[in-house]
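Comments concern the structure below.
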Amino acid sequence: RTALSIYERSYPADDIHVAAALYGVASVLVEMKQGAEALPLAERALAIRRQRLGPTHSDVAEALAAHSAALLQTSQSEPALAEARQVQDLIARTLGTDHFKYSFALLALGHIYSARRDYPRALTAYRESIAALKRSQVTDAWSFARPQLAIAEVEIALKQLPAAMARLEETRGTLERDDPTSLFLADACFQLAKLLALSGRDVVGIAQTGTGKTAAFALPILHRLLDNRSRVQPKSCRVLVLSPTRELSGQILDSFNAYGRHMRLTSALAIGGVPMGRQVRSVMQGVEVMVATPGRLLDMVQGNALKLN
């Protein structure tokens with residue numbers, strides 16, 4: 001944004017430097033899933049590059065890819081798909097199918113198919129992306145991790161859990177060996193934890209604050225609740241989360257309520273240091289999710305306010 005501000009003061013509005021800065025900001029916003037903000041910037045970058053470089057330049061394909069991704073994030077999958085196909089064709093004609101950017105074009109195309117739940121086409125695009133990477137002689141682990149993680153996501157959606165688990169384990173091992181600081185390693189571990197939880201396995205997760213541990217167990221739990229919204233018995237809960245402190249308990253419950261805000265989730269908090277009466281009343285009809293500290297949980301069980309059987 002700083003570069004964009006400088007270029008807009010230093011060059012005409014349709015200068016190629018302005019387009020480069022517009023594309024840079026739009027690309028970062030897309031990575032941050034802020035498609036609505038990225039869309040007008042990508043549109044300006046695309047228009048300038050088409051005017052200055054001509055419609056068939058490879059830099060036009062880059063801007064078009066950012067615009068397509070922003071369209072997808074603003075729920076415009078049909079035009080996003082049409083533009084992603086244009087990007088694939090343009091890069092194939094200007095840079096060739098052995099260029100690493102062709103692989104990225106196929107990856108973006110796969111993401112759109114996956115968002116549209118067209119899983120067969122998504123898998124084809126992701127596999128072709130890997131093949132294009134091999135042809136381009138790219139060797140860095142993270143480039144291959146991106147389509148592999150995407151394939152695993154599709155396999156999870158198709159309930160092909162053993163195949164997804166094997167793929168995630170292999171990807172995690174490769175990243176740990178070749179690129180241990182990659183953010184894709186965290187993504188592989190997250191997906192693996194989610195997959196294990198969805199299949200009913202026990203999971204231990206150890207990581208620094210702010211790395212997504214709560215999401216790693218809360219999202220699969222909410223997924224399982226959605227698959228089976230049975231009636232909750234009085235004085236009981238379907239999900240129990242134990243937390244060592246009052247503060248963390250509150251944060252965890254806030255996360256559950258945020259992730260499940262469209263589920264009409266019933267939830268309760270049981271923590272010490274405050275009167276127990278309100279907490280007892282909150283579970284009288286039963287709740288789907290309870291987050292508790294151990295001491296207060298034992299108080300409620302021993303006082304027959306909560307049943308864990």
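Residues: numbered from 1 along the sequence shown. All values below come from the heavy atoms of this structure, side chains included, with hydrogens, waters and symmetry mates left out.
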Is Arg1 salt-bridged to Glu37, cutoff N-O under 4.0 Å? yes

Taking all atoms of both residues into account, what is the closest heavy-atom pair of Arg49 and Ala19, and its distance? CG-CB, 4.0 Å

For Ser5 and Arg9, test the side chains for any donor-to-acceptor distance below 3.5 angstrom and give the result as yes or no. yes

Are Leu265 and Val287 packed together at the side-chain level, in the sense that at least one heavy-atom pair is separated by less than 4.5 angstrom? no

Locate the shortest heavy-atom distance separating Ala164 from Ala152; write the atom from each residue and the value. CB-O, 3.8 Å

Indicate yes or no: at least one non-hydrogen side-chain atom of Glu155 is less than 4.5 angstrom from one of Leu161. no

Val291 with Ile271, same ILVMFWY side-chain cluster at under 4.5 Å: yes

Using the rule given for side chain to side chain donor-acceptor pair (under 3.5 Å), can you reason through Ser249 versus Ser243, listing the C-alpha separation, both sets of side-chain angles and the distance that settles it, and then say yes or no? CA-CA 6 Å; Ser249 297; Ser243 164; 3.2 Å; yes

Could you tell me whether the side chain of Gln279 and the main chain of Ala270 form a donor-acceptor pair under 3.5 Å? no

Side-chain contact, heavy-atom cut-off 4.5 Å: Cys237 with Leu240? yes

Indicate the atoms forming the closest heavy-atom contact of Gln73 with Val30, along with that distance. NE2-O, 2.9 Å

Is there a donor-acceptor pair closer than 3.5 Å between any side-chain N or O of Ser68 and the backbone N or O of Ala65? no

State, yes or no, whether a side-chain contact exists between Val274 and Arg246 at a heavy-atom distance under 4.5 Å. yes

Any Val301 side-chain heavy atom under 4.5 Å of Asp299 side chain: no

Mind checking what makes salt bridge (charged side-chain N to carboxylate O under 4.0 Å, His left out) contact with Asp14, not counting sequence neighbours? Arg52

Side-chain donor-acceptor contact under 3.5 Å, Thr214 with Ser255: no

Tell me, do Met290 and Val241 make a side-chain contact under 4.5 Å, heavy atoms counted? no

Determine whether a donor-acceptor pair (N or O, by modelled atom type, separation under 3.5 Å) exists between the side chain of Thr124 and the backbone of Pro120. yes

Heavy-atom side-chain proximity of Val203 to Phe217 below 4.5 angstrom: no

Of all the heavy-atom pairs spanning Ala66 and Ala42, show the shortest one and how long it is. C-CB, 4.2 Å

Should the heavy atoms of other residues, nucleotides or ligands under 6.0 Å from CZ of Arg116 be counted, would the total exceed 12? yes

Heavy-atom pair with the smallest gap, counting every atom of Ser236 and Leu306: CA-CD1, 4.0 Å

Do the charged groups of Glu169 and Arg172 touch, with an N to O distance under 4.0 Å? yes

State whether the side chain of Ser10 and the backbone N or O of Ile6 hold a donor-acceptor pair below 3.5 Å, judged by distance alone. yes

Applying a strict under-4.5 Å side-chain criterion to I, L, V, M, F, W and Y, I'd like to know whether Val28 and Leu41 cluster together. no

Joint cluster assignment, Leu39 & Val60, ILVMFWY side-chain distance < 4.5 Å: no

Donor-acceptor pair, side chain of Gln76 and main chain of Leu71, under 3.5 angstrom: no

Per the side chain to side chain donor-acceptor pair (under 3.5 Å) rule, which among Arg135, Gln137, Lys134 passes with Asp98? Arg135

Heavy-atom count around Gln285 CD within 6.0 Å, excluding the residue itself: above 12? no

I need the full list of ring-ring contact (aromatic ring centres under 6.0 Å, His included) pairs touching residues 245-271, with sequence neighbours left out, sorted by first then second residue. none

Sidechain N-carboxylate O distance under 4.0 Å for Asp227, Arg224: no

Counting only heavy atoms from other residues, nucleotides and ligands, does the tally under 6.0 Å from CZ of Arg93 exceed 12? yes

Stacked cation flag Arg146 on Tyr126, 6.0 angstrom / 45 deg: no

Closest approach of Leu253 to Ser267 (non-hydrogen atoms, all atoms of both residues): CD1-CB, 3.6 Å

Val289 side chain reached by Leu225 side chain, heavy atoms, under 4.5 Å: yes

I'd like to know if Leu53 and Tyr23 are part of one continuous hydrophobic network [Ile/Leu/Val/Met/Phe/Trp/Tyr, side-chain heavy atoms within less than 4.5 Å]. no

Measure up the Tyr11 and His17 rings against each other and bin them: parallel (under 30°), tilted (30 to 60°), perpendicular (over 60°). parallel

Are Leu133 and Leu107 grouped together when hydrophobic residues (ILVMFWY) are joined by side-chain heavy atoms under 4.5 angstrom apart? yes

